[in-house]
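Only one structure is covered here, and it is reproduced in the block below.
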Amino acid sequence: MTAAYLYLNSALYALFAVWCTLASQSTSRNLGYETLSASGRSEYLVIYGGLQLGLAAAFYLFARNPQTIQLGLIFALCLYVPIVLYRIVTIAGFWPVGGITLGVAALEIALLIAGLFLLYRR
């Protein structure tokens with residue numbers, strides 16, 4: 001079950017990396033980046049394309065090796081705990097936020113809860 005969770009993370013990050021790379025103008029606007037300079041566009045692609053693709057690869061590698069599945073789960077929690085904490089604080093502080101932001105927040109919270117469930121189930 002934990003391997004499936006890690007493969008799901010890999011697939012989601014790969015999907016978002018490709019989507020944000022191929023449709024960077026629309027995805028950045030939908031996430032609230034109204035205008036980006038050339039540096040901002042570069043940074044958006046690096047984080048929403050490159051970093052997410054790297055995370056997809058890491059989750060895939062963790063999932064395919066039974067010896068690294070537990071490490072992959074801990075890696076996921078090391079990502080999602082601060083992401084969710086920052087997400088909650090920023091949504092509360094910058095309310096109202098867009099629907100895409102709330103959707104991403106819901107997905108992150110669900111992945112955190114699932115990861116915690118898997119960790120405590122072991």
Side-chain angles (χ1 to χ4, degrees):
M1 187 165 200
T2 302
Y5 169 78
L6 296 174
Y7 280 123
L8 173 65
N9 275 272
S10 177
L12 288 171
Y13 277 108
L15 174 69
F16 285 131
V18 170
W19 183 30
C20 289
T21 298
L22 296 179
S24 63
Q25 294 214 353
S26 64
T27 56
S28 64
R29 274 194 307 272
N30 285 327
L31 289 170
Y33 298 104
E34 299 299 323
T35 60
L36 293 174
S37 65
S39 294
R41 285 192 303 273
S42 171
E43 189 66 18
Y44 180 83
L45 286 170
V46 167
I47 299 301
Y48 286 88
L51 179 61
Q52 289 193 58
L53 199 55
L55 290 171
F59 279 116
Y60 176 79
L61 292 172
F62 284 131
R64 65 189 296 259
N65 183 346
Q67 295 175 341
T68 60
I69 288 175
Q70 181 73 14
L71 180 60
L73 182 57
I74 292 168
F75 177 75
L77 293 173
C78 287
L79 287 175
Y80 291 124
V81 167
I83 284 173
V84 167
L85 290 175
Y86 269 76
R87 186 68 75 183
I88 290 168
V89 169
T90 59
I91 286 174
F94 299 117
W95 189 262
V97 298
I100 296 289
T101 299
L102 294 175
V104 170
L107 179 59
E108 291 163 346
I109 291 168
L111 290 167
L112 173 60
I113 291 169
L116 290 170
F117 170 79
L118 291 168
L119 180 69
Y120 289 110
R121 198 180 75 124
R122 294 183 142 240

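Every value quoted in this text rests on a predicted model; they were computed, and no experiment measured them. Numbers for residues simply follow the sequence, beginning at 1.
Side-chain atoms of L111 and Y5, non-hydrogen and from C-beta on, do get closer than 4.5 Å to each other. Between C78 and I74, some side-chain heavy-atom pair lies under the 4.5 Å cut-off. Side chains of F16 and V104 form no contact here, defined as non-hydrogen atoms less than 4.5 Å apart. At least one side-chain heavy atom of V81 sits under 4.5 Å from a side-chain heavy atom of L112. Side-chain contact between L55 and L79: present, with at least one pair of heavy atoms (C-beta onward) separated by less than 4.5 Å. You'll find the side chain of Y44 reaches within 4.5 Å of the side chain of T27, heavy atoms only. Counting heavy atoms from C-beta on, the side chains of Q52 and L15 never come closer than 4.5 Å. Residues Y7 and Y60 form a side-chain contact, since some pair of their non-hydrogen atoms from C-beta on lies under 4.5 Å apart.
Contact record, L73 with G115: CD1-O, 3.6 Å, taken as the closest heavy-atom pair. For the pair A63 and L6, the tightest heavy-atom approach, listed with the atom from each and the gap, is CB-CB, 3.5 Å. Nearest approach of R29 to E34, heavy atoms of both residues: CG-O, 4.1 Å. Closest non-hydrogen pair, S10 versus A56, comes out as OG-O, 2.8 Å.
The distance from atom CD1 of I88 to atom CD1 of I83, rounded to the nearest 0.5 Å, is 12.0 Å. Atoms CG and OG, from L36 and S24 in turn, are 8.5 Å apart once rounded to the nearest 0.5 Å. In this structure, F75 CZ and F59 CZ are separated by 5.5 Å, a value rounded to the nearest 0.5 Å. Considering CZ of R121 and CG of L116, their distance stands at 13.5 Å, rounded to 0.5 Å. The distance from the CG atom of L102 to the CG atom of L107 is 12.5 Å, given to the nearest 0.5 Å. From L71, atom CG reaches atom CG of L61 across 11.5 Å, with rounding to the nearest 0.5 Å.
T21 contributes a side-chain N or O that, together with a main-chain N or O of A17, makes up a donor-acceptor pair within less than 3.5 Å. A donor-acceptor contact shorter than 3.5 Å is absent between the side chain of E43 and the backbone of S39.
Under the 4.5 Å side-chain heavy-atom criterion for Ile, Leu, Val, Met, Phe, Trp and Tyr, I109 and Y120 are members of the same hydrophobic cluster. Linking ILVMFWY residues whenever their side-chain heavy atoms come closer than 4.5 Å, directly or via other members, places I113 and M1 in the same cluster. Linking Ile, Leu, Val, Met, Phe, Trp and Tyr whenever their side-chain heavy atoms come within less than 4.5 Å puts L119 and F62 in one cluster. L51 and Y33 fall within the same hydrophobic cluster, defined by Ile, Leu, Val, Met, Phe, Trp and Tyr side-chain heavy atoms under 4.5 Å apart, directly or through other members.
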Between L31 and Y48, does the side chain to side chain contact (heavy atoms under 4.5 Å, CB included) criterion hold? Intermediate values first, please.
CA-CA 11 Å; L31 289 170; Y48 286 88; 3.7 Å; yes
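The number of heavy-atom neighbours closer than 6.0 Å to CD of Q70, taken from other residues, nucleotides and ligands shown, is above 12.
Below 30°, between 30° and 60°, or above 60°: for Y80 and Y13 the angle between ring planes is below 30°, a parallel geometry.
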